[in-house]
Amino acid sequence: MMSKTKAAVRPRSWHLPFLFLLLLAQTCSPQEQGGGGALHGSFVRCVARLSPATTDTSRLVHAPSAASYPSLLNATIQNLRFASPRTPRPALLLTPATVAEARACVTCCRRHGLTVRARSGGHDYEGLSYRSVAGARPFAVVDVAALRDVRVDAGRRVARAGPGATLGELYYAVTRESGGALGFPAGICPTVCVGGHLSGGGFGPMMRKHGLGADNVVDAEVVDAEGRLLDRAAMGEGLFWAIRGGGGGSFGVVVSWTVRLVPVPPVVSAFTVRRLVRRGDQRQTQAAVRLLTKWQRVAHALPEDLFVKVAMEPEVDDAGERHPSVTFKSLFLGNCSGMVAEMSAHLPELDVRAGDCREMSWIQSTLYFYGYTGEQAAEVLLDRSLQPKDYYKVKLDYLTSPIPAAGLGGLLARVVEDRGGSVDVDPQGGAMSETPESDTPYAHRRGYLYNVQYFVKWGGDANVSYEDAHLAWVRGVHRFMTPYASARPRAAYVNFRDLDLGQNLEGETSYEAARAWGEMYFRGNFRRLAMVKAEVDPDQVFWSEQSIPPLLQTNGMLSDT
């Protein structure tokens with residue numbers, strides 16, 4: 001049960017700028033008052049008082065005029081769409097190396113009228129962890145990339161990871177300390193950081209067996225809007241529930257996660273089977289549609305040890321013509337003989353044979369799913385620069401029923417269009433269906449068979465018309481899928497943030513208005529998230545264009561701000 005919500009108060013954020021001016025008058029010299037220099041000087045003195053162990057504040061507090069600012073800001077911007085000089089930048093970039101510094105940063109942001117955005121790895125698809133859309137509200141970025149320690153207790157089957165640790169670093173440490181006996185169910189991109197991934201849920205190839213990454217969080221430490229450091233016992237079950245899937249940037253800065261590790265067999269197996277469809281060949285297209293139709297009927301209901309996903313993408317021939325390619329990729333928590341037997345029983349039409357299957361360790365499978373052969377040394381996972389930076393846009397749907405033949409044919413036709421991209425379909429079911437939707441904010445559980453990801457990227461050309469053509473493609477595919485996607489609401493995933501769904505407005509953050517996009521991400525859990533927000537951050541110190549708005553209580557009645 002949630003604790004009683006706080007009585008409604010007028011959010012202090014509306015008069016924080018006045019308090020900041022008063023603070024400047026009390027603490028700044030006449031030469032410092034006015035402009036970014038005044039903010040920087042006052043902020044430095046604030047963190048120096050609150051974190052006396054920090055002897056070099058130039059390492060911690062970076063103003064836009066500092067030589068360090070551009071490189072630090074751009075270091076983990078993964079989506080080059082938001083690396084433009086035209087993108088509204090934070091008033092301060094803060095790089096704490098300790099928990100004490102993170103606490104000081106949040107406290108000083110509050111005192112100076114700055115809203116806070118936390119960044120760990122910069123993979124936020126809309127860049128909301130480091131950029132503003134409108135640019136009118138001053139904010140600071142608390143970049144926790146330096147908080148990246150990973151400690152594994154194999155005996156207790158738990159690991160403690162800082163938010164700046166990558167999934168690759170977590171996987172590597174778990175395998176090293178457990179001798180390969182343990183793993184962690186999370187995503188396939190090794191450069192994604194733990195902080196953002198777990199905050200939004202975190203799905204991956206073992207989700208059908210062990211659920212989401214967030215389903216396996218057993219403790220956390222968070223710096224709240226008051227600058228306090230709270231563990232699970234101190235924060236209470238309401239906030240602990242909210243941070244495990246409610247999306248980053250709404251409730252605090254999580255500075256450590258403790259996760260439950262899962263047993264993995266000494267040998268797992270995988271296959272990649274591709275079917276190329278010649279463009280315009282109706283016979284091959286119909287055969288591909290039939291195969292996809294059968295796969296849709298069984299993939300979500302396969303044994304939990306077996307995960308088989310599909311990707312539809314263009315393949316370019318020597319003449320430069322684009323043809324649709326359908327790729328089936330699988331992870332099986334067992335050996336190849338077991339894999340082939342299961343596929344023969346459930347999807348014989350794919351004709352998976354022993355020669356298609358490869359056996360490997362679980363840690364090798366994480367490399368395999370990222371696109372390597374699986375034969376590379378596990379140390380590759382420690383390379384934080386593996387993922388190249390691109391211009392891209394991603395959208396996501398959920399399916400509660402299979403896509404009919406017309407829809408599948410339409411997707412195959414669209415992936416070969418000019419400026420087109422790819423479509424990935426991941427099956428849920430298994431543990432994902434068995435977990436009640438109220439257990440965590442991630443509500444897409446029973447009845448949600450698949451998630452469908454539409455992805456388009458383009459190279460080093462920031463030309464607006466060139467970008468618009470790619471954006472039109474991904475939005476057009478999403479629009480095409482409307483009859484086949486989930487409805488009432490059309491579900492989305494907060495780790496695939498999408499501002500096309502809607503956003504908070506400067507100074508007018510409203511629960512009722514935010515329901516338009518919030519219920520797409522969280523269904524009925526959005527209301528509970530807004531109530532937790534009202535308890536822990538009614539002043540919206542943690543604010544972004546898609547942060548959770550507070551739902552306040554006045555005389556027993558709920559109201560938004």
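Just so you know, these numbers come straight off a predicted model, no measurement behind them.
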Practice task
Give a yes or no on whether the backbone of Ala214 and the side-chain of Trp257 come within a donor-acceptor separation of less than 3.5 Å.
Solution key: no
Handout entry: Any side-chain donor near an acceptor of the partner, Gln546 and Tyr521, under 3.5 Å
Key = yes
Exercise for the section: Using a 4.5 Å cut-off on heavy atoms from C-beta on, say whether the side chain of Trp543 contacts that of Thr509. Expected result: yes
Handout entry: Side chain proximity check, Tyr450 to Asp397, heavy atoms < 4.5 angstrom
Key = no
Handout entry: Polar contact flag, side-chain donor to acceptor under 3.5 angstrom, Thr440-Arg445
Key = yes
Handout entry: Backbone of Glu126 reached by a side-chain donor or acceptor of Asn79 within 3.5 Å
Key = no
Problem - Atom of Gly249, atom of Ser547 and distance for their closest heavy-atom approach - result: O-CB, 3.9 Å
Exercise for the section: Report yes if the distance between the aromatic ring centroids of His112 and Phe43 is under 6.0 Å, otherwise no. Expected result: yes
Practice task
Could you tell me whether Tyr392 and Phe455 have their ring centroids closer than 6.0 angstrom?
Solution key: yes
Practice task
Applying side chain to side chain donor-acceptor pair (under 3.5 Å), name anything that partners Ser385, two or more places apart in sequence or on another chain.
Solution key: Asp383
Practice task
First locate atom CZ of Phe203, then atom CG of Asp215, and finally report the distance between them rounded to the nearest 0.5 Å.
Solution key: 13.0 Å
Fill in the blank from the handout: For Val253 and Ala118, the nearest pair of non-hydrogen atoms, with its separation, is CG2-CB, 4.0 Å
Completion exercise
For Asp224, the side chain to side chain donor-acceptor pair (under 3.5 Å) test, sequence neighbours excluded, returns Arg228
Problem - Aromatic contact, Tyr442 with His444 (centres under 6.0 Å) - result: yes
Practice task
With salt bridge (Lys or Arg N to Asp or Glu O under 4.0 Å) as the test, would you mind laying out the steps for Asp498 and Lys395 before giving the verdict?
Solution key: CA-CA 7 Å; Asp498 186 357; Lys395 297 177 78 70; 2.5 Å; yes
Practice task
Determine, step by step, whether Met207 and Phe307 satisfy the side chain to side chain contact (heavy atoms under 4.5 Å, CB included) criterion, reporting the C-alpha distance in whole Å, the side-chain angles of both residues, the deciding distance to 0.1 Å, and the verdict.
Solution key: CA-CA 9 Å; Met207 65 178 170; Phe307 173 83; 4.1 Å; yes
Exercise for the section: Show your reasoning for whether side chain to side chain contact (heavy atoms under 4.5 Å, CB included) applies to Phe522 and Val494. Expected result: CA-CA 8 Å; Phe522 306 112; Val494 72; 3.9 Å; yes
Handout entry: Short side-chain to backbone donor-acceptor contact, Lys533 and Ser250, under 3.5 Å
Key = yes
Problem - Flag, side chain of Arg208 to backbone of His300, donor-acceptor distance under 3.5 Å - result: yes
Exercise for the section: Verify, without hydrogens or angle tests, whether Ser42 (side chain) and Ala38 (backbone) share a donor-acceptor contact under 3.5 angstrom. Expected result: no
Practice task
For the residue pair Cys109 and Leu94, establish whether any side-chain heavy-atom pair is separated by less than 4.5 Å.
Solution key: yes
Problem - salt_bridge(Arg232, Glu237) N-O dist < 4.0 Å - result: yes
Completion exercise
Taken to the nearest 0.5 Å, the spacing of Ile188 CD1 from Thr366 OG1 works out to 10.5 Å
Practice task
Answer yes or no: is there an ion pair linking Glu226 with Arg110, defined by an N-O contact shorter than 4.0 Å?
Solution key: yes
Problem - Minimal non-hydrogen separation, Arg528 against Ser438, with atom names - result: NH1-O, 3.9 Å
Exercise for the section: Give a yes or no on whether the backbone of Glu437 and the side-chain of Asn525 come within a donor-acceptor separation of less than 3.5 Å. Expected result: yes
Practice task
For the pair Gln453 and Asn451, evaluate side chain to side chain donor-acceptor pair (under 3.5 Å) and give the outcome as yes or no after the intermediate values.
Solution key: CA-CA 7 Å; Gln453 305 154 39; Asn451 67 68; 2.8 Å; yes
Problem - Nearest-0.5 Å distance, CG of residue Asp537 to CZ of residue Phe542 - result: 6.0 Å
Fill in the blank from the handout: Separation between CZ (Phe240) and CG (Leu230), nearest 0.5 Å, reads 13.0 Å
Exercise for the section: For the residue pair Met481 and Ile403, establish whether any side-chain heavy-atom pair is separated by less than 4.5 Å. Expected result: yes
Exercise for the section: Grab the two heavy atoms, one from Gly246 and one from Leu529, that are nearest each other, plus how far apart they are. Expected result: CA-CD2, 4.0 Å
Handout entry: Side-chain donor-acceptor contact under 3.5 Å, Glu101 with Ser51
Key = no
Completion exercise
The reported gap from CE in Met312 to CG in Leu411 (rounded to nearest 0.5 angstrom) is 5.0 Å
Practice task
Please tell me if the side chains of Val192 and Thr166 come closer than 4.5 Å, counting only heavy atoms from C-beta onward.
Solution key: no
Exercise for the section: Ignoring hydrogens and angles, state whether a donor on the side chain of Ser256 or Glu221 is under 3.5 Å from an acceptor on the partner side chain. Expected result: yes
Exercise for the section: Measure from the side-chain N and O atoms of Gln78 to the backbone N and O of Lys389, and report whether any donor-acceptor pair falls under 3.5 Å. Expected result: no
Handout entry: Min side-chain heavy-atom separation Phe251-Val222 under 4.5 Å
Key = no
Exercise for the section: Look at the side chain of Arg117 and the backbone N and O of Tyr130, then say whether any donor-acceptor pair between them is shorter than 3.5 Å. Expected result: no
Handout entry: Criterion side chain to side chain contact (heavy atoms under 4.5 Å, CB included) on Leu170 and Val194, from CA distance to verdict
Key = CA-CA 8 Å; Leu170 175 60; Val194 169; 4.2 Å; yes
Practice task
Determine, for Arg515 against Glu519, whether the closest basic-nitrogen to carboxylate-oxygen distance falls under 4.0 angstrom.
Solution key: yes
Exercise for the section: Grab the two heavy atoms, one from Ala491 and one from Tyr448, that are nearest each other, plus how far apart they are. Expected result: CB-CE2, 3.9 Å
Practice task
May I have the step-by-step check of salt bridge (Lys or Arg N to Asp or Glu O under 4.0 Å) for Asp426 and Lys329, ending in yes or no?
Solution key: CA-CA 10 Å; Asp426 289 359; Lys329 198 164 190 174; over 6 Å; no
Exercise for the section: For residues Leu212 and Thr435, determine if any side-chain heavy atom of one lies less than 4.5 Å from a side-chain heavy atom of the other. Expected result: no
Handout entry: Salt-bridge criterion met for Arg446 and Glu434 (N-O under 4.0 Å)
Key = no
Problem - Nearest non-hydrogen partners of Ile243 and Ala220, listed with the distance - result: CD1-CB, 3.8 Å
Exercise for the section: Determine whether Leu50 and Arg111 make a side-chain contact, defined as any pair of heavy atoms from C-beta on separated by less than 4.5 Å. Expected result: yes
Exercise for the section: Under the side chain to side chain contact (heavy atoms under 4.5 Å, CB included) rule, what do Lys457 and Lys393 come out as? Steps first, then yes or no, please. Expected result: CA-CA 7 Å; Lys457 68 177 181 178; Lys393 170 72 175 176; over 6 Å; no
Problem - Salt bridge present between Asp124 and Arg131 (N-O < 4.0 angstrom) - result: no
Practice task
Using a strict 4.0 Å threshold on nitrogen-to-oxygen distance, state whether Glu545 and Arg497 make a salt bridge.
Solution key: no
Problem - With Cys108 via disulfide bond (SG atoms under 2.5 Å apart) - residues at least two apart - result: Cys46
Practice task
Classify the side-chain pair His123/Ser129 by whether it contains a donor and acceptor separated by less than 3.5 Å.
Solution key: no
Handout entry: Exam field: side chain His62 to backbone Leu72, donor-acceptor pair closer than 3.5 Å
Key = no
Exercise for the section: Using distance alone, with no hydrogens and no angle criterion, decide if Arg119 and Thr76 have a side-chain donor and acceptor under 3.5 Å apart. Expected result: yes
Practice task
Supply the atom-to-atom distance Arg490 CZ to Tyr398 OH, rounded to the nearest 0.5 angstrom.
Solution key: 13.0 Å
Handout entry: Flag, side chain of Thr107 to backbone of Ala104, donor-acceptor distance under 3.5 Å
Key = no
